[in-house]
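Read the structure below first, then the notes.
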Amino acid sequence: MKKPNLIYILADDMGYGDVSALNEKCAFKTPAFDSICENGIAFTDAHASSAVCSPSRYSILTGRYPWRSKMKTGVLGGYSKALIKEDRLTVGKMLQKEGYKTAAIGKWHLGMDFAGNFSERPEFGQCPNVEFDKKIENAPVTRGFDYYYGITASLDMPPYVYIENDRFTSVPTRQIQGETGKRLYRTGPIADDFVFDDVLPRLTKKALDVIENWAKEPFFLYFPLPAPHTPILPTPKFQGKSNTNEYGDFVLMCDDVVGQIIQKIKDCGIFENTILIYASDNGCSPLANFEELAKAGHNPSYHFRGHKADIYEGGHRIPLLVQWPAFIKKGKRSGQTVCLSDLMATMADLLGITLPQNAAEDSISNLCLWKDPESKTVIRADTVHESVNGSVSIRSGKWKLEMCPGSGGWSWPKPGEEPPGSPRFQLYDLENDVSEKINVIESHPDIVPPMRNRLAEIIRSGRSTPGTPQPNEGEAVWDTILWLNEQ
């Protein structure tokens, strides 16, 4: 069989509950997302490795938990240096070796090295002395992509200039004053051809062009959208369409983007042998205004607790939709626990590639579930999640052990705001309490030690898959390590 094409569309800050096929109470219909469910598999227990952007993207492209890298908390900014080391195998590099043409279009947010004498500013502030007319080192084209077009980080982070391959497409000519709320973006330099409202349409056209130009050869298109992240900017066609607020309208615009991609692969005659994956990098941000959405009868987190940044399910349980008509049966659901870090091992399994010991250390093939979504064979014995402040949890079957007393993120109880006397850690039975309302750590003392010991093994061995132990970069997950060493 001819090697399948791979298109990976990654939403930015979209909740599980924003796919109408997954949420019976969704306030609007998402026909394109739903069509992937109808033509393939919807994973109902899928997770990002982190509850925020950069670390989640790191694990998608490397198959490695992000806290093993030098980044232990938070996210990168628009001026950050490259996070993925040059010698690390990525999904793109792996597929290049197999004869694939590879492109990344959209929000990178994994760092690259700009020319100039500058240092990063707090709170993603603008940096003077960047030499926008010089070559960018360690750009995406050095990390496994033949072609790149997009923006350096989130759409609300300067600089506001497009990048093509390893060059800025222009030099910014002025400063733009930031805004707040759902239209949030920070003050910074902006190029003449950079219009916030036009970013998603422009990137979509680039992605469609890549598909059309490369349709006759196996290709990998990584298409990380800048939406529905802030600034939340639905174009006039979608304004008011969701009957919720601007966020719901922006979700429908993302759905339309996916519809355009699906139509393009049909028009190019490659629909049957194209793997199309749609996922989100983490849960929905509170900047979407949950109160407004609730009044309209919509909850982006569905029935999960928390949202973006949190260790709770709402922070990292995400929609994962996969279709491949030539291989995957239609209209299937899988309740198996899977992780976005699994892409690399899945593609390696599919193409018969033996991964080196120092690659994809936390990636497990999902191919058996693509073959049989109803399989009862457990492929992931455990999965580690991370919140914005570096707190981690380990999931094993129905049990989830959270190594912090609160959310570890932005929802209540925030770090340092936990009620007096709160247990130091949390244990939830997700089979009976998927909304994580009852912490049962004190009533199930027998459950904690084996999970704690497995977490310690995963951290210290540098991998969660079988193989030769590998080094982590720097000290990993301080509070967890300290507590594990006390036992």
Side-chain angles (χ1 to χ4, degrees), residues 12-13 53-54 75-83 103-143 145 147-210 223-237 239 246 250 253 257 287:
D12 195 4
D13 288 7
C53 306
S54 299
V75 300
L76 300 182
Y79 298 90
S80 297
K81 292 187 179 298
L83 178 63
I105 306 291
K107 168 185 167 177
W108 182 241
H109 213 178
L110 286 167
M112 52 186 95
D113 298 350
F114 303 153
N117 183 21
F118 68 93
S119 57
E120 283 194 82
R121 299 290 183 88
E123 301 300 321
F124 315 117
Q126 59 181 312
C127 295
N129 303 319
V130 174
E131 298 179 14
F132 289 97
D133 59 342
K134 300 290 179 62
K135 180 182 177 181
I136 300 169
E137 301 295 336
N138 295 310
V141 289
T142 69
R143 298 300 188 265
F145 294 100
Y147 179 73
Y148 173 69
Y149 186 92
I151 55 178
T152 177
S154 298
L155 188 52
D156 58 12
M157 296 177 181
Y160 306 117
V161 191
Y162 289 110
I163 297 169
E164 186 166 29
N165 295 326
D166 56 6
R167 296 273 182 174
F168 288 103
T169 61
S170 57
V171 174
T173 56
R174 60 190 173 92
Q175 293 283 114
I176 189 168
Q177 190 65 36
E179 292 195 28
T180 59
K182 289 196 284 287
R183 291 184 62 89
L184 170 73
Y185 60 85
R186 296 164 178 85
T187 298
I190 187 167
D192 288 339
D193 66 344
F194 198 97
V195 179
F196 286 96
D197 301 69
D198 186 51
V199 171
L200 181 56
R202 178 183 286 227
L203 295 175
T204 301
K205 184 179 184 307
K206 289 285 185 181
L208 295 171
D209 288 345
V210 164
F223 186 21
L225 311 180
H229 190 288
T230 51
I232 298 172
L233 302 171
T235 53
K237 176 182 176 181
Q239 290 169 11
E246 298 94 330
F250 213 20
M253 189 171 170
V257 166
L287 286 172

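Predicted model, so just to flag it, every value in this text is computed and none were measured. The figures that follow rest on heavy atoms only: side chains count, while hydrogens, waters and symmetry mates do not.
- Between Phe194 and Tyr160, the ring-plane angle classifies as tilted under the 30° and 60° cut-offs.
- A side-chain donor-acceptor contact under 3.5 Å links Asp113 to the backbone of Ala82.
- Within 6.0 Å of the CG atom in Asp133, the count of heavy atoms belonging to other residues, nucleotides or ligands exceeds 12.
- Between Pro159 and Thr152, the closest side-chain pair of non-hydrogen atoms falls below 4.5 Å.
- At a threshold of 4.5 Å between non-hydrogen side-chain atoms, the residues Trp108 and Ile163 do not count as touching.
- Defined by atom type and a distance below 3.5 Å, a donor-acceptor pair is present between the side-chain atoms of Glu120 and Ser80.
- For the pair Asn138 (side chain) and Met112 (backbone), a donor-acceptor distance under 3.5 Å is absent.
- Evaluation of the side-chain hydrogen bond (donor to acceptor under 3.5 Å, both in side chains) rule for Asp209 yields Lys205 as partners, not counting sequence neighbours.
- Considering only heavy atoms from C-beta on, Leu155 stays 4.5 Å or farther from His229 through its side chain.
- What you find for Val130 and Phe114 is that their closest heavy atoms are CG1-CB, 4.1 Å.
- At a threshold of 4.5 Å between non-hydrogen side-chain atoms, the residues Leu200 and Leu225 count as touching.
- Closest approach of Tyr148 to Ala104, counting heavy atoms only: CD1-O, 3.0 Å.
- Taking every heavy atom of both residues into account, Leu110 and Ser54 meet most closely at CD2-O, 3.4 Å.
- Under a 3.5 Å cut-off, the side chain of Thr230 and the backbone N or O of Lys182 do not form any donor-acceptor pair.
- With sequence neighbours excluded, no residue satisfies side-chain hydrogen bond (donor to acceptor under 3.5 Å, both in side chains) with Glu123.
- In plain terms, the two heavy atoms of Leu287 and Gly181 that are nearest each other are CD2-O, 4.3 Å.
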Intermediate values then yes/no, side-chain contact (heavy atoms from CB on, under 4.5 Å), Cys53 and Asp12: CA-CA 7 Å; Cys53 306; Asp12 195 4; 3.5 Å; yes

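- Using a 3.5 Å distance cut-off with no hydrogens or angles, the side chains of Tyr79 and Arg121 do not pair a donor with an acceptor.
- Here the closest non-hydrogen pair linking Gly111 and Leu76 is N-CD1, 3.5 Å.
- Proximity of a side-chain donor or acceptor of Arg186 to a complementary backbone N or O of Asp156 within less than 3.5 Å is detected.
- When all heavy atoms of Tyr147 and Val210 are compared, the closest pair comes out as CD2-CG2, 4.4 Å.
- For the pair Gln239 and Pro236, the minimum side-chain heavy-atom distance is below 4.5 Å.
- Taking CZ of Arg202 as the reference point, atom CG of Asp197 lies at 13.0 Å (rounded to 0.5 Å).
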